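What follows is a set of notes on a single structure, which appears directly below.
Ligands are counted one by one from 1 in listed order, and the atoms in each one are counted from 1 as well. Since the structure is predicted, the reported quantities are computational estimates derived from the model, not experimental observations.
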Amino acid sequence: MPIRSSVYAACAVVVAALVVGAAAPVAAAPPDPADLGGSAVSGTVAPVAAAPPEATRPGGPSGAVGAPGVDDPFFPLAGNGGIDVQDYDLRLSYNPATDRLEGTATLRIVATQDLRRFDLDPRKFTLGTVTVDGVPAAITRDGQELQITPKRTLRKGAAFTVVVPYAGVPEPVVDPDGSSEGFVPTKDGAVVVNEPQGSPGWYPANDTPRDKATYTIAMTVPAGVTAVGNGALVSQTSAGGRTTFTWRERFPMAPYLTTITLGKFGVTTGRAGSIPTYVAVDPTQAAASAPVLRRLPEMVAFLQDLYGPYPFETVGAIVDNAPELGYALETQTKPVFDRAPDELTLLHELSHQWYGDAVTLRQWPDIWLHEGFATWSEWIWTERHGGQTAAQRFAELAQEPGNSYLWNPPPGDPGEAANLFSGSVYDRGAMTLQALREKIGDAAFFTVMRRWYAEHKYGNVSTPEFVALAQQVSRQDLGAFFKAWLYTPGKPAFLADDGAPVASARLAASEGGGRRR
Ligand SMILES: [Zn+2]
């Protein structure tokens with residue numbers, strides 16, 4: 001079994017160079033008002049409708065204003081206060097020849113406080129008439145915030161429907177680490193991934209992992225192009241040289257896990273046990289990915305045995321040819337790969353369906369709860385298939401010198417958004433789990449892993465909750481243990497540092513499988 005490498009930091013530099021061209025701002029074409037079903041208002045950041053004076057505002061001065069963010073330490077303006085989206089219905093069309101995306105988003109929302117104004121997070125795009133329960137609303141744009149003022153104040157607990165018509169050329173979102181996300185054009189379409197903040201690059205989202213919702217995504221594309229979304233394909237209809245693919249994810253999904261990747265794909269459907277599969281592969285990647293993709297049902301079965309029943313209705317993969325992207329992502333039910341994945345990359349992204357997609361962080365600095373778990377899943381897969389054991393992998397990494405990438409930032413405290421996908425979050429995060437396994441024993445450890453999943457499936461979590469569960473199951477005080485592993489910078493003092501680098505651990509896998517999120 002080849003040894004995995006961890007070259008995330010180095011790859012990020014390469015990605016940054018690649019996206020300079022791909023991510024260059026493109027001016028949005030002015031919309032045809034007829035297309036948008038109302039009088040168009042335009043502008044990217046400038047306010048398009050001045051807010052009326054306080055005393056005359058709809059709902060009056062007593063109504064509350066939803067916060068522009070949910071106080072995430074890394075992305076304070078992502079997501080919005082006062083709203084809980086129940087369902088997104090996105091009716092979109094995209095033409096790869098012009099790169100133009102247009103359509104209508106319909107959001108069913110519940111107010112979590114009295115609201116005379118609330119925000120959504122679409123970036124760019126020209127908007128048509130935004131309505132709340134069918135009545136035109138006043139809108140203002142302030143940076144990445146779209147402020148919506150309904151005619152009447154919404155009362156806490158009220159359900160309401162917002163319709164946002166929009167059009168334009170989607171502009172990929174460039175992350176703090178220089179990588180690109182959102183709606184990223186490819187040679188034959190677009191690859192669509194959003195971790196952590198790409199969703200507003202293609203639809204008006206409440207862009208926080210805390211607000212999971214169900215989704216219908218209908219995408220109309222030129223004939224010959226396939227659009228692949230989350231969940232189940234509920235219809236595929238062609239007319240007038242265009243095809244509409246309608247996808248439905250009926251399980252809760254965080255906005256960053258949505259996709260509607262499109263291009264030329266060969267599609268294979270089948271079953272993983274009783275779960276329907278849908279695997280879409282760019283023809284250029286078909287030969288290289290076939291041997292790995294054949295193992296997808298076996299991987300799903302393996303992960304179910306280990307962690308608990310698969311959380312969603314469908315499973316699959318989207319293998320694109322997307323050097324513009326430079327990484328794979330665990331989009332819900334169908335992870336997206338920028339190229340033919342290797343075995344461990346596929347296993348990694350599938351394991352995220354349990355840890356990441358079903359059990360999702362509440363705040364981005366807790367990213368090790370996704371990446372440490374997915375990396376450790378690679379280790380246990382390898383261990384159970386005759387390769388290096390997780391204990392051996394741990395011992396190998398433990399020899400890394402103190403100045404290695406491995407130790408900083410500490411996985412529980414990445415420090416800043418640019419470090420979200422640092423190698424230490426993955427590998428030291430996985431070491432934390434393996435150290436826990438060795439400390440409390442297999443029986444308690446696997447109980448922790450299974451209960452963590454069973455008790456938080458479809459919800460959101462934090463590191464202190466994981467620590468509490470591990471302590472409860474093991475009946476041990478693990479405060480100092482987790483502090484040392486997750487929060488203390490540098491190589492833990494209890495691991496010998498003989499200064500000898502372990503170069504062999506670094507170099508093997510990423511050439512074939514690509515960088516993974
Ligand atoms: Zn990952």
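- Residue side and main chain included, His348 places an N/O/S atom under 2.8 Å of the Zn ion (ligand 1).
- Applying the side-chain hydrogen bond (donor to acceptor under 3.5 Å, both in side chains) test to every pair with at least one member in residues 266-283, sequence neighbours left out, gives these pairs: Asp282-Thr284.
- Annotation for Pro172 and Ser180: closest pair CB-OG, 3.5 Å, computed over non-hydrogen atoms.
- The Zn ion (ligand 1) has no N, O or S atom of Ala328 inside 2.8 Å of it.
- Around the Zn ion (ligand 1), the two atoms O of Arg517 and NE2 of His352 are separated by an angle of 110°, to 10 degrees.
- Glu371 lies close to the Zn ion (ligand 1), since one of its N, O or S atoms is found at a distance under 2.8 Å.
- The two residues Asp207 and Gln197 have their closest heavy-atom pair at OD2-CA, 3.5 Å.
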Would you mind writing out the side-chain donor-acceptor pairs for residues 255-264 within the sub-3.5 Å range, not counting sequence neighbours?
| unit_1 | atom_1 | unit_2 | atom_2 | d |
| --- | --- | --- | --- | --- |
| Tyr256 | OH | Gly356 | O | 3.4 |
| Thr258 | OG1 | Asn194 | ND2 | 2.9 |
| Thr258 | OG1 | Tyr203 | OH | 3.2 |
| Thr258 | OG1 | Pro255 | O | 2.7 |
| Thr259 | OG1 | Val192 | O | 2.6 |
| Thr259 | OG1 | Thr261 | N | 3.3 |
| Thr259 | OG1 | Thr261 | OG1 | 2.8 |
| Thr261 | OG1 | Val192 | N | 3.0 |

